[in-house]
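Notes for the one structure printed next.
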Amino acid sequence: MPENKKHGGYRQGAGRKTKYEKTMVMRVPEKYKEVIKELISHLDSTAGLSHHFNESESEPVYLRSLEDKKQHITFVTKPFK
């Protein structure tokens with residue numbers, strides 16, 4: 001079998017690109033995964049918010065705390081005026 005393969009393996013610049021400038025890997029409790037996804041979604045949807053608009057509030061997101069208590073989280077984005 002030849003050692004000089006022409007396909008597969010690592011290629012510089014290959015892979016899916018992110019829409020964000022930089023990303024990082026972070027460990028979070030699994031029960032918070034959906035809430036963090038909702039936060040990112042809310043921030044993306046309000047990215048164009050300017051002083052011409054009022055604040056934007058997300059729909060409540062249900063979760064259980066690390067102590068297993070029920071909670072609703074709401075994200076609010078306010079523009080600088």
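This structure is a prediction, so every number in the text was calculated from the model and none was measured.
Here the side chains of L63 and I73 are in contact, with some heavy-atom distance below 4.5 Å. Considering only heavy atoms from C-beta on, K70 comes within 4.5 Å of R64 through its side chain. In this structure, T77 and E55 have side chains that are not in contact, with every pair of non-hydrogen atoms separated by 4.5 Å or more. Counting heavy atoms from C-beta on, the side chains of K31 and L66 come closer than 4.5 Å. You'll find the side chain of S56 stays beyond 4.5 Å of the side chain of K78, heavy atoms only.
Linking Ile, Leu, Val, Met, Phe, Trp and Tyr residues whenever their side-chain heavy atoms come within less than 4.5 Å leaves V76 and L43 in two separate clusters. A single hydrophobic cluster is not seen to contain both L39 and Y62; linkage of ILVMFWY side chains at heavy-atom distances under 4.5 Å, directly or through other members, places them apart. A continuous path of hydrophobic side-chain contacts links Y32 to M24 [ILVMFWY only; heavy atoms under 4.5 Å].
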Stepwise side-chain contact (heavy atoms from CB on, under 4.5 Å) test for E38 and F75: CA-CA 9 Å; E38 287 295 324; F75 304 111; 4.2 Å; yes
Pair I40-I36, side-chain contact (heavy atoms from CB on, under 4.5 Å): steps then yes or no: CA-CA 6 Å; I40 293 169; I36 292 172; 4.2 Å; yes
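Between Q12 and Y10, the side chains place a donor N or O and an acceptor N or O closer than 3.5 Å (distance only, hydrogens not considered).
Residue pairs satisfying the salt bridge (Lys or Arg N to Asp or Glu O under 4.0 Å) criterion with at least one member in residues 17-26, sequence neighbours excluded, are listed as follows: K19-D44.
One finds the OG1 atom of T23 at 13.0 Å from the CE atom of M26 (value rounded to the nearest 0.5 Å).
Formation of a donor-acceptor pair under 3.5 Å by the T46 side chain with backbone atoms of H42 is found in this model.
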